[in-house]
Q: 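Pasting a structure below so you can have a look.
Every chain is numbered from 1, with letters handed out A, B, ... down the list of sequences. All figures in this text were calculated on a predicted structure; none of them were measured in a lab.
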Protein chains: 2
Amino acid sequence: MVLSIAAVKNLELTLEDVGKGENMISAKSIGRLSLYRRLLISLKTRGEENVHSHKLASLGGVSPAQVRRDIMAVGYSGSPARGYSIDELVECIGRIIDHPEGQNVALVGVGHLGRAVLNYFRGRRPKLRVRAAFDNDINKTNRVLHGYRAHPVTQLAEIIKREKITVGIVCVPKEAAQDVANNLVDAGCRGILNFAPIPLRVPPGVYVEDIDITMSLEKVAYFARETAKEEEKTE
Amino acid sequence: MVLSIAAVKNLELTLEDVGKGENMISAKSIGRLSLYRRLLISLKTRGEENVHSHKLASLGGVSPAQVRRDIMAVGYSGSPARGYSIDELVECIGRIIDHPEGQNVALVGVGHLGRAVLNYFRGRRPKLRVRAAFDNDINKTNRVLHGYRAHPVTQLAEIIKREKITVGIVCVPKEAAQDVANNLVDAGCRGILNFAPIPLRVPPGVYVEDIDITMSLEKVAYFARETAKEEEKTE
DNA sequence: TAGTTACTGTGAATTATGTAACGTTGTGAA
DNA sequence: TTCACAACGTTACATAATTCACAGTAACTA
């Protein structure tokens with residue numbers, strides 16, 4: 001009897017865990033954790049050892065309660081007196097958002113945007129290694145750009161498979177974006193960061209994050225006006 | 001009697017409208033409306049005249065219900081039989097997210113990223129005019145880049161005021177970002193699109209949209225792994 | 001003209017997300 | 001040693017966002 005109850009309980013737990021995907025952390029939390037880590041590293045270089053939730057919150061532009069909740073999600077606990085140990089927290093966040101052996105990344109489209117992105121990752125983020133860059137412009141390929149050699153896109157599938165690349169960055173014009181995405185997915189990519197201003201169609205199991213600059217600027221323009229209006233009213 | 005009821009009704013409406021900021025549309029909706037408009041224009045060039053919510057939804061990667069809701073927010077109504085008139089819908093969306101006289105935009109930091117952003121806006125979006133570009137690198141200033149002349153940042157305040165610029169794009173390294181933001185706000189900008197990987201501190205009434213490439217890539221890497229895990233389980 | 005169909009518009013239900021509140025805990029001071 | 005305090009961890013609550021579901025409607029058919 002007791003055993004059977006225990007069995008049922010176990011089953012329930014298992015179902016919950018598997019069905020809902022472990023204790024899956026939301027995309028928003030993952031984004032904030034990435035932000036916290038950067039802030040923490042920056043604090044560390046300034047000689048800080050510990051940090052409180054409200055300090056991290058103010059640096060990150062979020063509420064202290066949210067910081068505590070996000071940190072709860074990674075399973076780390078601070079001390080009420082000293083707050084969080086920066087080293088330990090960075091370590092814990094890394095254990096969640098980094099792959100232990102690191103992940104390999106490919107970038108397609110070495111125009112201005114592609115080069116800017118390559119610059120962003122020079123040296124930083126040791127767990128995310130840009131292993132290949134591609135372009136279809138003969139003038140840009142087989143040259144070394146920003147420390148990375150650019151290959152012709154015809155070699156994309158081959159190199160992605162050989163280098164075990166699982167993440168792709170799409171910096172090509174919108175006309176070419178869907179084709180590139182298809183090739184990336186076929187070759188084995190499971191995540192795509194898309195800068196092209198069209199939504200990509202990908203099979204289930206592939207995660208796409210869109211960075212839509214036009215959309216963002218229109219949003220800014222809209223709220224630049226709207227919040228200005230609000231201000232006027234309250235004056 | 002009848003008059004007084006009417007008066008009360010009017011008062012209520014006014015209170016509701018002013019107090020909650022018109023019928024303020026959420027940032028997410030504004031973003032999607034901007035997306036819809038682009039999709040609609042693209043459909044139009046392919047000769048389409050009308051479109052249904054499910055078509056727009058599938059192109060935009062959202063649900064049909066959400067499309068209808070967003071469109072409801074702009075106050076446009078389609079026909080059950082023909083769907084939405086593309087021309088009319090584009091017109092209505094524009095009436096919400098565009099300023100009638102257009103808005104002027106400044107871009108600070110003419111590195112690879114800045115040039116990529118300038119390219120994005122070559123010719124498009126007639127209501128968002130890039131009127132000035134700035135850089136602190138002597139080699140880049142007083143030259144014409146991508147059709148825009150780059151000024152030294154020392155002239156930022158003066159030009160922003162003269163050109164009545166209300167939106168700024170920050171494409172400078174993170175060390176300089178907060179300074180640039182301060183200058184933009186002081187000179188009159190009410191909205192900032194920030195590519196620097198740190199949160200900007202701005203006074204209330206200024207809207208900031210962050211585009212954090214590092215964060216986005218870490219998110220993609222995380223979910224590339226997690227969704228892959230999920231797939232394995234269900235196999 | 002009546003019936004059928006497929007879509008819209010929208011209130012209600014549901015789900016995500018963020019905030020507030022509060023008991024708990026470790027530290028330093030008296 | 002005990003008290004007061006400040007910040008954490010967690011739960012309960014509130015708000016925002018999304019989906020559901022269905023009434024209403026315009027066209028098309030016969």
Side-chain angles (χ1 to χ4, degrees), chain A residues 16 19-36 40 43 48-86 88-89 92-93 96 199 215 219 223 226, chain B residues 16 19-36 40 43 48-86 88-89 92-93 96 199 215 219 223 226:
Chain A
E16 205 174 35
K20 289 196 151 190
E22 306 280 305
N23 33 11
M24 198 68 154
I25 302 176
S26 78
K28 300 214 166 170
S29 284
I30 294 294
R32 284 191 299 264
L33 288 168
S34 161
L35 170 64
Y36 300 155
L40 290 167
L43 283 172
E48 309 266 341
E49 284 295 330
N50 297 287
V51 69
H52 290 296
S53 62
H54 59 82
K55 170 93 176 185
L56 204 48
S58 118
L59 289 172
V62 300
S63 72
Q66 185 147 63
V67 170
R68 294 204 295 276
R69 257 190 49 162
D70 288 333
I71 289 175
M72 189 172 68
V74 308
Y76 177 65
S77 284
S79 120
R82 276 187 303 273
Y84 305 100
S85 151
I86 293 182
E88 288 172 21
L89 184 47
C92 278
I93 292 176
I96 297 291
M215 192 192 82
K219 243 159 84 171
F223 285 103
E226 290 305 311
Chain B
E16 205 173 36
K20 290 198 151 191
E22 307 280 308
N23 33 11
M24 198 67 155
I25 302 176
S26 77
K28 297 208 170 176
S29 285
I30 294 295
R32 284 190 299 263
L33 287 168
S34 161
L35 170 64
Y36 301 154
L40 289 167
L43 282 172
E48 309 266 341
E49 285 295 332
N50 297 287
V51 69
H52 290 296
S53 63
H54 59 84
K55 169 94 177 185
L56 203 49
S58 118
L59 289 172
V62 299
S63 72
Q66 184 144 66
V67 170
R68 295 204 296 272
R69 219 159 242 291
D70 288 331
I71 289 174
M72 190 170 67
V74 307
Y76 178 65
S77 284
S79 121
R82 275 188 305 272
Y84 305 100
S85 151
I86 292 181
E88 288 172 21
L89 184 48
C92 278
I93 292 176
I96 298 288
M215 194 193 81
K219 245 159 82 172
F223 286 103
E226 290 305 312

Q: Tell me whether A/Tyr76 contacts the main-chain N or O of A/Ser85 through its side chain, where contact means a donor paired with an acceptor under 3.5 Å.
A: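 Answer holds: yes.
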Q: Expressed as a whole number of angstroms, how long is the span from B/Asp70:CG to C/dT10:C1'?
A: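 Going from CG in B/Asp70 over to C1' in C/dT10 covers 14 Å.
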Q: If only side-chain N and O atoms of A/His52 are considered, is one of them under 4.0 Å from the OP1 or OP2 phosphate oxygen of D/dA6?
A: no
Q: I need the CG-C1' distance between B/Asn50 and C/dT8, as an integer number of Å.
A: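 Distance, rounded to whole Å: 13 Å.
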Q: Note down the inter-axis angle between the two ends of the helix from C/dT1-D/dA30 to C/dA30-D/dT1, five pairs each, to the nearest 10°.
A: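 Both end axes considered, the difference amounts to 0°.
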Q: Report the residues that fulfil side-chain hydrogen bond (donor to acceptor under 3.5 Å, both in side chains) with B/Tyr84, sequence neighbours left out, ordered by chain and then residue number.
A: none
Q: For A/Ser77, what residues pass the side-chain contact (heavy atoms from CB on, under 4.5 Å) criterion, not counting sequence neighbours?
A: none
Q: Would you mind reading off the distance between B/Ile71 atom CD1 and D/dT19 atom C1', rounded to a whole angstrom?
A: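 Result: 16 Å.
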Q: Excluding sequence neighbours, so at least two apart, what forms side-chain hydrogen bond (donor to acceptor under 3.5 Å, both in side chains) with B/Glu48?
A: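 With neighbours one apart ignored, the set is empty.
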Q: Mind listing the N/O atom pairs, protein and nucleotides 26-29 of chain D, below 3.5 Å?
A:
from, atom 1, to, atom 2, distance (Å)
D/dA27, OP1, B/Arg82, NH1, 3.2
D/dA27, OP1, B/Arg82, NH2, 3.4

Q: Round to the nearest Å and state the distance from A/Leu89 atom CG to D/dA7 atom P.
A: 17 Å
Q: Please name all residues satisfying side-chain contact (heavy atoms from CB on, under 4.5 Å) with B/Ala27, sequence neighbours left out, ordered by chain then number.
A: A/Lys219, A/Phe223, B/Tyr207
Q: Enumerate the salt bridge (Lys or Arg N to Asp or Glu O under 4.0 Å) contacts for residues 64-80 of chain B, please, sequence neighbours excluded, ordered by first and then second residue.
A: B/Arg32-B/Asp70
Q: Listing time: all N or O pairs from protein to nucleotides 17-19 of chain C that are below 3.5 Å?
A:
from, atom 1, to, atom 2, distance (Å)
C/dG18, OP1, A/Arg32, NH1, 3.4
C/dG18, OP2, A/Arg32, NH1, 3.2
C/dG18, OP2, A/Arg32, NH2, 3.2
C/dG18, OP2, A/Gln66, NE2, 3.2
C/dG18, O5', A/Gln66, NE2, 3.4
C/dT19, OP2, A/Ser63, OG, 3.0
C/dT19, O4, A/Arg69, NH1, 2.7

Q: On DNA chain D, nearest-nucleotide positions of B/Arg68 versus A/Ser77: which is more 5'?
A: A/Ser77
Q: Going by side-chain contact (heavy atoms from CB on, under 4.5 Å), name the residues that satisfy it together with B/Ala73, two or more places apart in sequence or in a different chain.
A: B/Ile25
Q: Under the rule for side-chain hydrogen bond (donor to acceptor under 3.5 Å, both in side chains), what residues qualify as partners of B/Ser26, not counting sequence neighbours?
A: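 Per chain and number, B/Ser26 pairs via side-chain hydrogen bond (donor to acceptor under 3.5 Å, both in side chains) with B/Ser29.
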Q: Rounded to the Å, how far apart are B/Lys55 NZ and C/dA6 C1'?
A: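 These atoms are roughly 17 Å apart.
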Q: Which value, rounded to the nearest 0.5 Å, describes the distance between A/Leu56 atom CG and A/Leu59 atom CG?
A: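 If I round to the nearest 0.5 Å, the distance is 6.5 Å.
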Q: Considering residues at least two apart in sequence or located in another chain, which fulfil the side-chain contact (heavy atoms from CB on, under 4.5 Å) criterion with A/Ser58?
A: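 By the side-chain contact (heavy atoms from CB on, under 4.5 Å) rule, A/Ser58 matches B/Arg201.
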Q: What residues, two or more places apart in sequence or in another chain, satisfy salt bridge (Lys or Arg N to Asp or Glu O under 4.0 Å) together with B/Glu49?
A: B/Lys44
